[in-house]
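Count residues from 1 along the sequence. This is a predicted model, so every value here is computed, not measured. Counting starts at 1 for both ligands and their atoms, in listed order. As a basis for the values below, the full set of heavy atoms in this structure was taken, side chains included, without hydrogen atoms, waters or symmetry mates.
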Amino acid sequence: MPPRIARLPRNSAGRSVPGNIAWYGTDDDGSIPVTHDDTLGAHITCLCTPGRGTPKFGEQCPVRQRQFMVQRRCGLCTQHIEAPGQLVFIGETDAQYYLEPPLHPLCAAYALQVCPVLHAAGERIEVAVTESYTLAEDRITGMTAEGTLRRSVFPFGNPLARLLAVLEFYLAFPDTPERLPGPVWLAERAPKLPS
Ligand SMILES: [Zn+2]
Ligand SMILES: [Zn+2]
(Lines give C-alpha, C1' and ligand atoms only; values in the text may rest on other atoms or scores of the structure.)
(Ligands and ions follow the chains in the order given, each with its own letter.)
Protein backbone atom coordinates (compact mmCIF):
# COMPACT_ATOMS: atom_id res chain seq x y z
CA MET A 1 0.00 0.00 0.00
CA PRO A 2 1.44 3.44 -0.89
CA PRO A 3 2.30 5.35 2.36
CA ARG A 4 -0.07 8.22 1.48
CA ILE A 5 -2.95 5.72 1.46
CA ALA A 6 -1.75 3.85 4.56
CA ARG A 7 -2.26 7.08 6.56
CA LEU A 8 -5.99 7.29 5.75
CA PRO A 9 -8.60 6.41 8.40
CA ARG A 10 -10.03 2.88 8.12
CA ASN A 11 -13.50 1.41 8.47
CA SER A 12 -14.33 -1.31 11.01
CA ALA A 13 -13.20 -3.99 8.53
CA GLY A 14 -9.77 -2.35 8.27
CA ARG A 15 -10.27 -0.99 4.76
CA SER A 16 -8.72 2.41 3.95
CA VAL A 17 -11.42 5.01 3.41
CA PRO A 18 -10.86 7.40 0.46
CA GLY A 19 -10.69 11.08 1.41
CA ASN A 20 -13.83 12.05 -0.53
CA ILE A 21 -16.13 9.57 1.26
CA ALA A 22 -18.83 10.87 3.64
CA TRP A 23 -18.83 9.76 7.30
CA TYR A 24 -21.94 9.43 9.46
CA GLY A 25 -21.85 10.08 13.20
CA THR A 26 -24.15 8.45 15.75
CA ASP A 27 -25.84 11.82 16.34
CA ASP A 28 -26.56 12.27 12.63
CA ASP A 29 -30.25 12.92 11.97
CA GLY A 30 -29.98 12.52 8.19
CA SER A 31 -30.78 16.16 7.40
CA ILE A 32 -28.92 17.88 4.56
CA PRO A 33 -27.81 21.33 5.78
CA VAL A 34 -27.93 24.18 3.27
CA THR A 35 -26.05 27.38 3.92
CA HIS A 36 -25.28 30.56 1.99
CA ASP A 37 -22.30 32.79 1.34
CA ASP A 38 -21.30 35.39 -1.26
CA THR A 39 -18.81 33.15 -3.07
CA LEU A 40 -20.93 30.03 -3.60
CA GLY A 41 -24.48 31.34 -3.09
CA ALA A 42 -26.70 28.67 -1.57
CA HIS A 43 -24.78 25.42 -1.11
CA ILE A 44 -25.02 22.10 0.64
CA THR A 45 -22.63 21.82 3.51
CA CYS A 46 -21.54 18.93 5.70
CA LEU A 47 -20.08 18.61 9.18
CA CYS A 48 -18.63 15.12 8.90
CA THR A 49 -15.09 14.37 10.07
CA PRO A 50 -13.01 11.62 8.44
CA GLY A 51 -12.36 8.89 11.02
CA ARG A 52 -15.39 9.79 13.17
CA GLY A 53 -18.44 7.52 12.88
CA THR A 54 -19.08 5.21 9.94
CA PRO A 55 -17.97 5.84 6.35
CA LYS A 56 -20.53 5.44 3.60
CA PHE A 57 -18.68 4.00 0.59
CA GLY A 58 -20.16 5.28 -2.66
CA GLU A 59 -21.30 8.57 -1.10
CA GLN A 60 -19.13 11.67 -1.35
CA CYS A 61 -18.85 14.42 1.25
CA PRO A 62 -19.90 17.54 -0.73
CA VAL A 63 -17.54 19.81 1.21
CA ARG A 64 -14.42 17.72 0.64
CA GLN A 65 -15.48 16.86 -2.94
CA ARG A 66 -15.56 20.60 -3.75
CA GLN A 67 -12.25 21.32 -1.97
CA PHE A 68 -10.44 18.51 -3.76
CA MET A 69 -11.83 19.55 -7.17
CA VAL A 70 -10.92 23.24 -6.77
CA GLN A 71 -7.53 22.62 -5.13
CA ARG A 72 -6.43 19.80 -7.49
CA ARG A 73 -6.25 17.34 -4.61
CA CYS A 74 -6.46 13.56 -4.87
CA GLY A 75 -9.89 12.05 -4.08
CA LEU A 76 -8.21 9.02 -2.52
CA CYS A 77 -5.16 10.18 -0.51
CA THR A 78 -6.31 13.88 -0.16
CA GLN A 79 -2.86 15.27 -1.11
CA HIS A 80 -2.20 17.90 -3.79
CA ILE A 81 -1.48 16.62 -7.31
CA GLU A 82 1.69 18.32 -8.61
CA ALA A 83 1.27 20.68 -11.57
CA PRO A 84 2.36 20.39 -14.28
CA GLY A 85 1.91 16.65 -14.13
CA GLN A 86 -0.52 13.91 -15.01
CA LEU A 87 -3.68 13.12 -13.15
CA VAL A 88 -6.23 10.38 -13.65
CA PHE A 89 -10.02 10.21 -13.63
CA ILE A 90 -11.76 6.84 -13.31
CA GLY A 91 -15.25 6.36 -14.73
CA GLU A 92 -17.44 4.75 -17.33
CA THR A 93 -16.48 4.49 -21.00
CA ASP A 94 -16.48 7.90 -22.76
CA ALA A 95 -17.57 9.80 -19.67
CA GLN A 96 -17.79 13.48 -20.55
CA TYR A 97 -17.29 14.60 -16.98
CA TYR A 98 -16.43 13.15 -13.59
CA LEU A 99 -18.11 13.57 -10.23
CA GLU A 100 -15.18 11.98 -8.39
CA PRO A 101 -12.08 14.16 -7.88
CA PRO A 102 -8.85 13.49 -9.81
CA LEU A 103 -6.33 10.93 -8.59
CA HIS A 104 -2.56 10.63 -8.52
CA PRO A 105 -1.57 7.99 -11.10
CA LEU A 106 -0.25 5.82 -8.27
CA CYS A 107 -3.46 6.20 -6.25
CA ALA A 108 -5.55 5.36 -9.36
CA ALA A 109 -3.49 2.20 -9.88
CA TYR A 110 -4.08 1.21 -6.26
CA ALA A 111 -7.84 1.92 -6.47
CA LEU A 112 -8.26 -0.13 -9.65
CA GLN A 113 -6.60 -3.12 -8.04
CA VAL A 114 -8.11 -2.94 -4.57
CA CYS A 115 -11.60 -1.40 -4.88
CA PRO A 116 -14.05 -4.32 -5.29
CA VAL A 117 -16.52 -2.25 -7.36
CA LEU A 118 -13.89 -1.05 -9.84
CA HIS A 119 -12.24 -4.44 -9.99
CA ALA A 120 -15.53 -6.21 -10.77
CA ALA A 121 -16.37 -3.69 -13.52
CA GLY A 122 -13.18 -4.64 -15.45
CA GLU A 123 -13.26 -3.43 -19.08
CA ARG A 124 -16.25 -1.21 -18.50
CA ILE A 125 -14.09 1.06 -16.40
CA GLU A 126 -12.15 3.64 -18.36
CA VAL A 127 -9.24 5.76 -17.26
CA ALA A 128 -8.88 9.33 -18.55
CA VAL A 129 -5.33 10.65 -18.24
CA THR A 130 -4.85 14.40 -18.53
CA GLU A 131 -2.77 17.28 -17.16
CA SER A 132 -5.71 19.57 -16.42
CA TYR A 133 -9.48 19.85 -16.26
CA THR A 134 -12.26 22.43 -16.38
CA LEU A 135 -14.86 22.67 -13.63
CA ALA A 136 -18.62 23.13 -13.81
CA GLU A 137 -21.23 23.29 -11.07
CA ASP A 138 -23.83 20.64 -10.31
CA ARG A 139 -26.69 22.54 -8.66
CA ILE A 140 -30.11 21.56 -7.38
CA THR A 141 -32.80 23.69 -9.02
CA GLY A 142 -35.93 22.25 -7.44
CA MET A 143 -37.94 19.16 -6.72
CA THR A 144 -40.49 17.18 -8.72
CA ALA A 145 -43.95 16.32 -7.34
CA GLU A 146 -42.57 12.83 -6.59
CA GLY A 147 -39.82 14.28 -4.42
CA THR A 148 -36.89 13.74 -6.82
CA LEU A 149 -34.35 16.54 -6.94
CA ARG A 150 -34.00 18.43 -10.21
CA ARG A 151 -30.40 19.29 -11.09
CA SER A 152 -28.67 21.44 -13.70
CA VAL A 153 -25.09 21.99 -14.77
CA PHE A 154 -23.84 25.59 -14.68
CA PRO A 155 -20.51 27.17 -15.70
CA PHE A 156 -18.07 27.47 -12.79
CA GLY A 157 -18.59 30.71 -10.86
CA ASN A 158 -21.67 31.75 -12.83
CA PRO A 159 -23.25 34.67 -10.90
CA LEU A 160 -26.83 33.81 -11.90
CA ALA A 161 -26.50 30.18 -10.83
CA ARG A 162 -25.56 31.46 -7.38
CA LEU A 163 -28.98 33.09 -7.13
CA LEU A 164 -31.01 30.33 -8.75
CA ALA A 165 -29.86 27.02 -7.41
CA VAL A 166 -28.15 25.16 -4.57
CA LEU A 167 -24.59 24.00 -5.21
CA GLU A 168 -23.82 20.41 -4.29
CA PHE A 169 -20.82 19.16 -6.30
CA TYR A 170 -18.33 20.30 -8.89
CA LEU A 171 -18.00 18.36 -12.14
CA ALA A 172 -14.59 17.91 -13.78
CA PHE A 173 -14.30 17.94 -17.58
CA PRO A 174 -10.81 16.66 -18.47
CA ASP A 175 -8.89 18.73 -21.05
CA THR A 176 -7.89 16.59 -24.10
CA PRO A 177 -7.72 13.34 -22.11
CA GLU A 178 -6.13 10.12 -23.27
CA ARG A 179 -8.66 7.36 -22.61
CA LEU A 180 -7.79 3.72 -21.96
CA PRO A 181 -9.70 0.73 -20.57
CA GLY A 182 -8.83 0.38 -16.88
CA PRO A 183 -7.12 -3.04 -17.18
CA VAL A 184 -5.05 -1.89 -20.21
CA TRP A 185 -3.84 1.25 -18.45
CA LEU A 186 -3.02 -0.79 -15.38
CA ALA A 187 -1.03 -3.41 -17.32
CA GLU A 188 0.84 -1.09 -19.69
CA ARG A 189 1.00 2.46 -18.40
CA ALA A 190 0.29 2.77 -14.69
CA PRO A 191 3.09 3.34 -12.19
CA LYS A 192 4.01 0.18 -10.32
CA LEU A 193 2.85 -0.10 -6.73
CA PRO A 194 5.53 -0.54 -4.06
CA SER A 195 5.85 -4.25 -3.34
ZN1 LIG B 1 -18.88 15.61 4.99
ZN1 LIG C 1 -3.36 10.37 -4.17
Side-chain angles (χ1 to χ4, degrees), residues 1-12 15-37 39-40 42-91 98-115 117-119 125 127-133 137-140 149 166-172 174 177 182 185-186 189-195:
M1 188 187 289
R4 282 197 292 241
I5 296 171
R7 283 196 293 268
L8 291 169
R10 315 240 172 157
N11 71 356
S12 52
R15 183 171 158 203
S16 299
V17 180
N20 64 331
I21 295 296
W23 289 72
Y24 283 84
T26 44
D27 53 349
D28 214 308
D29 62 0
S31 62
I32 300 174
V34 176
T35 184
H36 185 281
D37 68 33
T39 317
L40 302 179
H43 58 280
I44 291 182
T45 188
C46 180
L47 301 171
C48 80
T49 307
R52 282 245 296 274
T54 310
K56 208 154 188 185
F57 281 91
E59 197 174 302
Q60 297 198 82
C61 170
V63 172
R64 269 174 285 121
Q65 193 268 6
R66 295 193 301 256
Q67 285 174 350
F68 294 173
M69 286 289 208
V70 169
Q71 299 169 3
R72 193 182 161 104
R73 283 164 61 190
C74 178
L76 176 52
C77 78
T78 79
Q79 303 299 305
H80 185 251
I81 303 173
E82 306 71 29
Q86 286 192 331
L87 51 86
V88 173
F89 289 101
I90 298 177
Y98 296 87
L99 193 57
E100 301 245 336
L103 299 166
H104 291 107
L106 188 66
C107 291
Y110 181 81
L112 283 171
Q113 287 176 63
V114 171
C115 171
V117 177
L118 293 179
H119 198 78
I125 291 293
V127 158
V129 185
T130 181
E131 295 232 334
S132 61
Y133 55 92
E137 299 180 351
D138 175 25
R139 285 184 182 259
I140 298 162
L149 295 176
V166 180
L167 176 66
E168 185 166 24
F169 294 118
Y170 289 130
L171 305 176
W185 179 76
L186 205 49
R189 305 282 293 282
K192 296 287 166 266
L193 294 169
S195 51

Residue pair Q60, N20: steps toward the side chain to side chain donor-acceptor pair (under 3.5 Å) verdict: CA-CA 5 Å; Q60 297 198 82; N20 64 331; 2.8 Å; yes

Around the Zn ion (ligand 2), list the protein N/O/S atoms within a radius below 2.8 Å, excluding water molecules. C74 SG, C77 SG, H104 ND1, C107 SG

State, with a plain yes or no, whether a side-chain heavy atom of V114 is found less than 4.5 Å away from one of I5. no

Using a 6.0 Å cut-off, check whether atom NE2 of H119 has over 12 heavy atoms from anything other than its own residue. no

Does R10 have more than 12 heavy atoms from other residues, nucleotides or ligands lying within 6.0 Å of its CZ? yes

When every non-hydrogen atom of V127 is compared with those of V129, the smallest separation belongs to CG1-CG2, 3.7 Å

Within 45° of the six-membered ring axis of F57 and under 6.0 Å from that ring's centre, is NZ or CZ of R15 located there? yes

Relative to the ring of F89, is the ring of Y98 parallel (under 30°), tilted (30 to 60°) or perpendicular (over 60°)? parallel

Within a radius of less than 6.0 Å around CG of L193, do more than 12 heavy atoms belonging to other residues, nucleotides or ligands occur? yes

L87/L103 under side-chain contact (heavy atoms from CB on, under 4.5 Å): CA gap, chis, key distance, verdict: CA-CA 6 Å; L87 51 86; L103 299 166; over 6 Å; no

Distance filter under 2.8 Å, centred on the Zn ion (ligand 1) - protein N, O or S atoms that pass it: C46 SG, C48 SG, C61 SG

